[in-house]
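Taking it in order: structure first as structure tokens, then the write-up.
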Amino acid sequence: KAGYADRYPILIDTGSEFMDRDTVEGIRKYVEKGGTFVALHNTARHTSLEPDCYPLSQISGFKVTKTGKGGKLKFETNLPIFIGWEGREFDGWGMAVDWQNTDHARTGASISPTDHNSVVLARWSDGTPAIGYRKVGNGRILTMGTTFWRGGKDLQGIWRTRNELESQFFHRLFTDCGIERTADSNVPELWARRMVTKNGLQNWLISYNSRNEPVKADVWMATEGRPQQVISLDSTDSVRFLYENNGVRIKDLDFKPYEV
């Protein structure tokens, strides 16, 4: 509401079922300035006073019409986003199992356009819309009737996912939203992130092994030109690196289980 999210190019809701109209108005302002908001099938289902009213539909251009959907979904042939997925078909459900063994991604919802500017991106096998898109000002809102890309489970308090489709989904989404990758690794379970020190003098590449087993991996970080030196924060020793794809690549790093 205060505009603190404006510097982020994309916001992905994680299932905020209750959303009051002042929050919807804040999302509208964020999107109009150029942001992308991604709503899930259970986003903004209620306000604090009114159940099942879907207040976000005022700006998203889509409203949930039926829950408990499943089966196949297929992308349309003319897409403004998810370029390259034209005509592709996927199973219409994912997996997101919490610590109580409840799967929050097993079923989806049919959505219905509420505005002439609403664009259907994908449909269920019965022809009803599954994923929707609407331009709002300089930005866009995506309404996901299913989290079909998900494939994770909480195992003893640690989130585990080895779903290649999940990586493909976010890569396609971020790329089409104009978001450039600033850090990466060649092992999906090894998380890499570029960070900048408070004084702005150093770029740090922070990597975390989310596996419960050792991992050998390459990591990469975007840089503004070739650096003279790369230093290990653990030992302060110089680290051998390659400069490629406008960034620094460090090869064959050994990570212990859960090591940063």
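- Side-chain atoms of Glu25 never come within 3.5 Å of backbone atoms of Asp22 as a donor-acceptor pair (strictly under, hydrogens ignored).
- Closest heavy-atom contact between Glu189 and Ser210: O-OG, 2.5 Å.
- Applying the ring pair (Phe, Tyr, Trp, His ring centres under 6.0 Å) rule to pairs touching residues 180-228 yields Trp191-Tyr208, sequence neighbours excluded.
- Between the Thr128 side chain and the Trp124 main chain, no donor and acceptor come within less than 3.5 Å of each other.
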side-chain hydrogen bond (donor to acceptor under 3.5 Å, both in side chains) between Gln229 and Ser238, worked out = CA-CA 7 Å; Gln229 189 179 29; Ser238 293; 2.4 Å; yes
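- Side-chain contact between Ser60 and Arg134 is absent, with no heavy-atom pair separated by less than 4.5 Å.
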task = In sequence, state the C-alpha distance, the side-chain angles, and the governing distance for Glu244 and Arg226, and then conclude on salt bridge (Lys or Arg N to Asp or Glu O under 4.0 Å).
result = CA-CA 9 Å; Glu244 59 184 42; Arg226 181 186 180 93; over 6 Å; no
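- Here the side chain of Asn186 pairs a donor or acceptor atom with the backbone of Asp218 at under 3.5 angstrom.
- In terms of modelled atom types and a separation under 3.5 Å, the side chain of Tyr30 and the main chain of Tyr8 share a donor-acceptor contact.
- The environment of CG in Asn78 is sparse: at most 12 heavy-atom neighbours from other residues, nucleotides or ligands sit within 6.0 Å.
- Side chain of Ser112 to main chain of Lys63: no donor-acceptor pair is present (N/O by atom type, distance under 3.5 Å, no hydrogens or angles).
- In terms of modelled atom types and a separation under 3.5 Å, the side chain of Arg172 and the main chain of Ile83 share a donor-acceptor contact.
- For the pair Lys256/Pro214, no side-chain contact is recorded, criterion being any heavy-atom separation below 4.5 Å from C-beta on.
- Below 30°, between 30° and 60°, or above 60°: for Phe169 and Trp85 the angle between ring planes is between 30° and 60°, a tilted geometry.
- Counted within 6.0 Å of CZ on Arg88, heavy atoms from surrounding residues, nucleotides or ligands total more than 12; the atom is thus considered enclosed.
- Of the possible donor and acceptor atoms, one in the side chain of Thr197 sits under 3.5 Å from a partner among the backbone N and O of Gln202.
- With sequence neighbours excluded, the residues that form a ring pair (Phe, Tyr, Trp, His ring centres under 6.0 Å) with Phe18 are His46.
- Hydrophobic clustering, with ILVMFWY side chains joined whenever heavy atoms are under 4.5 angstrom apart, keeps Ile111 apart from Met19.
- Side-chain atoms of Lys153 and Asn101, non-hydrogen and from C-beta on, do get closer than 4.5 Å to each other.
- Put simply, the side chain of Asn138 never gets that close to the backbone of Lys33: no donor and acceptor are under 3.5 Å apart.
- Counting only distance, with no hydrogens or angles, the side chain of Asn209 and the backbone of Glu213 share a donor-acceptor pair below 3.5 Å.
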task = Walk me through it: do Asp237 and Ser232 pass the test side-chain hydrogen bond (donor to acceptor under 3.5 Å, both in side chains)?
result = CA-CA 6 Å; Asp237 294 334; Ser232 168; over 6 Å; no
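- Ring centroid separation for the pair Phe75 and Phe82 comes in under the 6.0 Å cut-off.
- Using a 4.5 Å heavy-atom cutoff, the side chains of Leu56 and Ile27 are in contact.
- Of the possible polar contacts, none joining the Trp93 side chain to the Trp149 backbone as a donor-acceptor pair under 3.5 Å is found.
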